[in-house]
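Structure, as structure tokens:
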Amino acid sequence: MQHCDTLILADWCVPVEPHDLVLTEHAVVVNDGRITEILPAADARDRYEPSTLIERPGHVLIPGLVNAHTHAAMTLFRGLADDMPLERWLREGIWPVETRWVSAEMVRDGTRLAIAEMLRSGCTCFSDQYFYPGIVAESAVEMQMRAMVGTPIIEFTTPWAENAADCMRKGAEEVHDRYANHALISSCFAPHSTGTVSDESFHELRVLADQLDSPVQIHLHETAQEIADAIKETGKRPFDRLREHGLVNSSLLAVHAVHLTADEISQFADAGVSVAHCPRSNLKLASGIAEVATLQKAGINVALGTDGAASNNVLDMLGEMRTAALLAKARANDASALPAADALRMATLNGAIALGLADSIGSIEPGKWADLTCIDLRHINSQPVYDPVSQVVYTADANQVSDVWVAGRHQVEDGNLTRIDENELLQRASEWRSRLHNGKETKTT
Ligand SMILES: [Zn+2]
């Protein structure tokens, strides 16, 4: 008998790579946080003596979900400004509240709440962009969550930084340098949008990103208004400005990409740009519906993100995946667009590719981190099971997520967070509600 740390047996295992494969009665072997073998359950029982044996009949094991775009700390602004279009939502609903309330403490509490919500809904990695990125990284490490921490870049003064140059300097120090080669944290630069970053700053960003070999992500062509405003102010579409600054390449993650011309789509494909599709945020802010089927046909890697909780309003990647699958069909007027297996791939491996992490996460393959999610299909709404992938995409809710591992650490067990005090998070959320509601308490840093 061979020793292993953890042996996970589930009725079905969907490794995502190879594509559209369902393994029945298989086991996943985990050692030192990594997947070392996938083999039939009967063979695994004969060969392995695990420290921890996990048996999950009626469950399906999938790679941990990868949330390719969010603003985690904004959980504390959930439901604060609804039912407005993007530009009004930002100017009237969000930016004034951020100016008043964003602080290291707010980012820590909001990010912790978000991580708990994401873990509970099967997500094992999130790509963030928010102020105090060093605090975001610290919170993720403390809670043992995987994160791509984006340094926000914006010209105007925020509680975190004075201007775009200050953002870049702080981000390089607080995140890039501090977490270089960290097992859970990777970093990127995240200019908010072309409307909030000057040509000079884009130039500096290009130099810095090249120097640090850092990826870049940006909200791009989210609304028709954003493009019209850019043309009015600069005479150029946002995409053209980015291209002129040399930022359109395979390290670019374009968030939203709802409004693209045929020519822009082919330029995205040629340059190897990835897209973070955020369907529920786009729906809620009435930003438009991305042409996912067309983007995929053009060969563009499309990942999936929830966006922040102030515009979604939940960070549930299972729900996001279902919305993406349904919406892609309606948008393409084709019921075969974005089939279930493709939607699951979008929420896992495509996310890993978009974040430059495909060598280490995104699928259940030997050598990758054991970032895994187990879903209980024995719920009424998921019965009977003909096709577990179809059930995951079209029927499963977050409350069916039974187990989650991040780098082999059991973070959710029987639907409960194992390392996180949920009551403390609820208490902090309630305190923030009182502060924001009353608007009286002095801001703390
Ligand atoms: Zn966003």
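Counting convention: from 1, in listed order, for ligands and their atoms alike. Treat the numbers as computed from the prediction; the structure is a model and nothing was measured. Residue indices begin at 1 and follow the sequence shown.
Under a 4.0 Å N-O distance rule, the pair Arg243/Asp240 qualifies as a salt bridge.
Take the Zn ion (ligand 1) and draw a sphere of radius 2.8 Å; the protein N/O/S atoms inside it number 4.
Here CD of Glu204 is found 11.0 Å from NE2 of His245. Values are rounded to the nearest 0.5 Å.
The two residues Leu65 and Met317 make their nearest non-hydrogen contact at CD1-CB, 3.8 Å.
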Sequence neighbours left out, cut at 3.5 Å: what donor-acceptor pairs do the side chains of residues 143-157 make with other protein atoms?
from, atom 1, to, atom 2, distance (Å)
Gln144, OE1, Arg409, NE, 3.1
Gln144, OE1, Arg409, NH1, 2.6
Gln144, OE1, Arg409, NH2, 3.2
Gln144, NE2, Val141, O, 2.8
Arg146, NE, Asp371, OD2, 2.6
Arg146, NH1, Ala183, O, 2.7
Arg146, NH2, Asp371, OD1, 3.1
Arg146, NH2, Asp371, OD2, 3.3
Glu155, OE2, Ser198, N, 2.8
Glu155, OE2, Ser198, OG, 2.9
Glu155, OE2, Ser201, OG, 2.6
Thr157, OG1, Glu162, O, 2.9

Show every donor-acceptor pair shorter than 3.5 Å between a side-chain atom in residues 354-368 and any protein atom, with sequence neighbours excluded, or say none if there are none.
from, atom 1, to, atom 2, distance (Å)
Ser360, OG, Leu357, O, 3.3
Ser363, OG, Glu365, OE2, 2.5
Ser363, OG, Lys368, NZ, 2.7
Glu365, OE2, Lys368, NZ, 3.4
Lys368, NZ, Ala358, O, 2.8
Lys368, NZ, Ile361, O, 3.1

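In this view, Asp316 satisfies the salt bridge (charged side-chain N to carboxylate O under 4.0 Å, His left out) rule with no residue, not counting sequence neighbours.
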